[in-house]
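Here's the structure we're looking at; comments come further down.
In what follows, every chain begins at residue 1, and chains take the letters A, B, ... in the order their sequences are listed.
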Amino acid sequence: MTRHDGAPADTADHEVAVLSAVDVSKHFVVRNAVGNSSVVRAVEHASVDLHAGRIVAVVGESGSGKTTLARLLARFYEPTQGQIRLDGAPVAKGSAARGYHQQVQLIFQDPFGSLNPVHRVRHNLDRALRIHDRRLGRAERRRRAVELLERVSLTPGEDFLDKFPHELSGGQRQRVVIARALAVAPKVLLGDEPISMLDVSIRLEMLNLLGRLSREEGLAMLYITHDIASARYVCDDVVVMYAGQMTEGGPKDRVIGAPAHPYTKLLVESSPDPDRVGTTSRDDQFADAEALGEPPSLIEPPTGCRFHPRCPFAMSRCAEEEPPRTDLGDGHWSRCWLHQVGRADEIGADTYSAALARRDPAEVAS
Amino acid sequence: MSAPARTETRTLTRSSPHEAVLEVRDLTVDYIGPDGAVTACKDVTLSLRRGEILGIAGESGSGKSTLITALTRLQRPPAATTSGSITFHPRDGRAGIDLVGLSPRELRRLRWSTMSIVLQSAMDALNPVMRLGDQFADVLRTHYRDLDRSGARDRTTELLAMVGISADRARSFPHEMSGGMRQRATIALALACEPELVVMDEPTTAVDVVMQRQILAQVLRLRRELGFAVVIVTHDLSLLLEVADRIAIMYAGRIVEVGTASALYRDPAHPYTRGLRDSFPPLHAPLRELRGIPGTPPDLRRPPSGCPFHPRCPVRVEACQSTLPALVPLPEQEAACLLLTSEENP
């Protein structure tokens, strides 16, 4: 079998990924008020592999395609192009969703909207257990429901069975959502910003829970977030998305510690970092940070590298040709022309905003 | 030295401005319901210096939003300010005005020109069926009666330019702009009548980190140029640590710690502040397992006895269950924790 160019390449593990997206694209057709339709290129040529016991974080701004990618992996959408593979086997279009969702579960951002408010926790879990295995008796299902609650640290589980969702705090609700996802004994958990609506002080408990499920129970996990610090805390590998495309990926310390794509650098340097307090003056920290730009429209995305209109390092070639993937070793890769022309050192040489302030406007006139 | 200094400021009130732009004393806000009152904000005392950026951080139910709707007098029943004062000191040296006692008419005169607000969702703050320029003209011409159409247009151009929006955007409707641009437009609008105080409620929660950084950089520059003071409310302490001069931490309706941003980061005195600070994983420093704060914020209908944080506190002592701690002054901050006054812990 020939490996597609977009597939993650030289990761050390040779085992087959539990779940993969192979060069998937998703286009949506939208119509405006006067009935003209246009195509939104939400995800283009994205590939990601999820392995048992590992967490892959997908980071990027809103509109970068992170959620669409999760929904493609959850088969909420069929890809416009490309393949989803479960245990190495392509998932056939239109094949039964139920069997698939016994293996792959998606957790949403909003724990308030994902539990049926008129039913007790027991009912919410019982349904999932029944669907999972129709032979289970009532007593067995109850036993398993308690066990599930305790697996997500709602202890003693008995105390939570008869509660309604509104009687639970946001963090407890999200745990019930995770318990319900685990009821079908999935191999893969897809989390779409699973902690962003929770209070700050309880987010870590949730991240620790996800980490434990992956490490100790061998779940393969996708963690979607815009919060780079939380991604670094919980994940093994990071993939960065920009304007529907994957721009960089690899082990978290490489990607976040030494970004090999200017956009990753921008994201990391824009993230709040209290460790900077006291090391530089506030005015220096925010110097030249007023014109960092915004992501493009996905209806008519920029030609070439989609980041080129904002990029401090852009060359004329960046506007003309999509950059190829450069493998940097240890599973770290980037799609940026700088790597192809021997200018990769410039990415780490200075801060993003300082590089942007120096940019020659003529370089990117196109 | 404090006593003579106070008499001096009092005699000078008419000629030179008070050093504080806003002084809040013992403010208590209740939500009055059929089953009695729930106190969402209790005995809050704060002072904001001219041109200062004060951050207010807290979790859901901490009372931070209640506090700022009370400060801006935007609260609606069932919320009611049941005691305390909010004194605004105008920069022209006139005597302080207690906002709590003002009539809606008097408040209208103060809004925009002395105090303005930036809300979390710019989409809700802007009128969806009015072009941006018309909304600016509306505000400007209400407060500057002799300003004509072209004058309002010029000023709008100037205001939009301050936040990096080109003049032709004045013709746009809010839905035609990105979320980040809308939020910058509401900031420009809040500055239209040169207020002395801008209150910002989660101003960057609805935008991405890159836009957040751009907006904060603009706010910092404009504050430097125009000299307004800022109260910024958010659940994101890591962000406040970077932008605020001083930070107040709220828990269960009270201020549990207030001090300079660097003191609260380096040496938090309240166990809740410490827990909150350690709830943000580092971006670069070596990773270790973090625990956050066990438990959940209290239900204000049934507030815990004694120190409201004691059920979640890792260092609580017996007395915490029964005694409510008062704010204790420390060199760079004030904090309300019994351990700071007892001998059991330095």
Side-chain angles (χ1 to χ4, degrees), chain A residues 59-64 153 168-172 196-208 211 226-234 252-253 256-257 263 266-278 282-283 285-295 297 310 352-353, chain B residues 53 57-62 163-164 178-181 206-221 224 235-245 261-262 264-266 272 275-285 287 289-297 299 312:
Chain A
V59 301
E61 293 171 273
S62 5
S64 63
S153 307
L168 303 174
S169 70
Q172 290 171 336
S196 64
M197 286 184 69
L198 304 178
D199 263 319
V200 170
S201 69
I202 54 182
R203 288 181 185 176
L204 281 165
E205 293 180 38
M206 204 61 61
L207 290 179
N208 290 340
H226 58 268
D227 176 5
I228 297 200
S230 82
R232 175 172 181 257
Y233 180 74
V234 75
K252 64 177 170 189
D253 289 326
I256 297 168
Y263 177 64
L266 171 62
L267 265 188
V268 172
E269 290 183 10
S270 299
S271 300
D273 181 6
D275 286 339
R276 279 188 293 227
V277 174
R282 188 170 53 188
D283 290 343
Q285 277 173 42
F286 284 91
D288 300 316
E290 287 193 36
L292 302 173
E294 283 190 79
S297 150
R310 296 170 75 183
Y352 183 93
S353 38
Chain B
I53 299 183
E59 297 179 87
S60 49
S62 64
V163 292
S178 73
M181 191 183 281
V207 299
D208 284 301
V209 284
V210 179
M211 183 51 69
Q212 169 169 299
R213 197 149 194 87
Q214 298 181 70
I215 289 175
L216 294 173
Q218 281 172 346
V219 169
L220 286 169
R221 174 180 51 83
R224 213 161 47 230
H235 65 278
D236 189 351
L237 180 63
S238 65
L239 178 132
L240 286 185
L241 287 168
E242 289 201 306
V243 299
D245 297 309
S262 61
L264 260 60
Y265 177 65
R266 279 195 328 270
Y272 177 64
L276 208 53
R277 179 198 64 177
D278 294 340
S279 293
F280 292 93
L283 196 55
H284 296 290
L287 288 174
E289 173 147 357
L290 300 172
R291 296 240 147 255
I293 306 174
T296 48
D299 181 348
R312 301 174 75 188

Are A/Arg276 and B/Leu283 packed together at the side-chain level, in the sense that at least one heavy-atom pair is separated by less than 4.5 angstrom? no
Interatomic distance, CG@B/Leu290 vs CG@A/Asn208, rounded to 0.5 Å, equals 7.5 Å
#### Entry: Derivation of the side chain to side chain contact (heavy atoms under 4.5 Å, CB included) call for A/Asp275 and B/Tyr265
CA-CA 9 Å; A/Asp275 286 339; B/Tyr265 177 65; 2.2 Å; yes
Heaviest contributor of heavy-atom pairs below 4.5 Å to chain A, chosen from B/Gly180, B/Ser178, B/Ala261, B/Pro297, is B/Ser178
Bottom line for B/Ala206: the part with an atom under 4.5 Å from chain A's heavy atoms is neither
Exercise for the section: Would you please test A/Arg310 and B/Val210 for side chain to side chain contact (heavy atoms under 4.5 Å, CB included) and show each step? Expected result: CA-CA 12 Å; A/Arg310 296 170 75 183; B/Val210 179; 3.6 Å; yes
Honestly, the part of B/Val243 sitting under 4.5 Å from a heavy atom of chain A is both
Looking only at A/Glu61, A/Arg203, A/Arg282, most heavy-atom pairs under 4.5 Å shared with chain B are made by A/Arg282
Under 4.5 Å to a heavy atom of chain B? For A/Ser169 that would be side chain
So CG of B/Asp208 and NE2 of A/His226: to nearest 0.5 Å the spacing works out to 7.0 Å
By side chain to side chain donor-acceptor pair (under 3.5 Å), A/Asp199 pairs with (sequence neighbours left out) B/Ser60
Applying a strict 4.5 Å limit to non-hydrogen atoms, the region of B/Arg312 in contact with chain A is side chain
Highest number of heavy-atom pairs under 4.5 Å with chain A among B/Ser279, B/Gly275, B/Pro294 belongs to B/Ser279
Honestly, the part of A/Glu269 sitting under 4.5 Å from a heavy atom of chain B is backbone
Interatomic distance, CG@A/Leu292 vs CE@B/Met211, rounded to 0.5 Å, equals 8.5 Å
Cut-off 4.5 Å, heavy atoms of chain B, and the answer for A/Val268 is both
Applying a strict 4.5 Å limit to non-hydrogen atoms, the region of B/Leu220 in contact with chain A is side chain
| said: Show, in sequence, the C-alpha distance, side-chain angles and deciding distance for B/Asp236 and A/Val200, and conclude whether the side chain to side chain contact (heavy atoms under 4.5 Å, CB included) test is met. | reply: CA-CA 8 Å; B/Asp236 189 351; A/Val200 170; 6.0 Å; no
Applying a strict 4.5 Å limit to non-hydrogen atoms, the region of B/Glu289 in contact with chain A is both
The interface call for B/Arg277 against chain A, heavy-atom contacts under 4.5 Å, is neither
Across all chains, not counting sequence neighbours, the ring-ring contact (aromatic ring centres under 6.0 Å, His included) partners of A/Tyr352 are none
The interface call for A/Ala287 against chain B, heavy-atom contacts under 4.5 Å, is neither
In this structure, CG of B/Leu216 is separated from CD of A/Glu290 (nearest 0.5 Å) by 10.5 Å
Pair count under 4.5 Å, heavy atoms only, with chain A: among B/Arg221, B/Arg266, B/Gln212, highest is B/Arg221
To the nearest 0.5 Å, atom OG of A/Ser353 lies from atom CD of B/Gln214 at 10.5 Å
Whatever's closer than 4.5 Å to a heavy atom in chain A on B/Asp278 counts as backbone
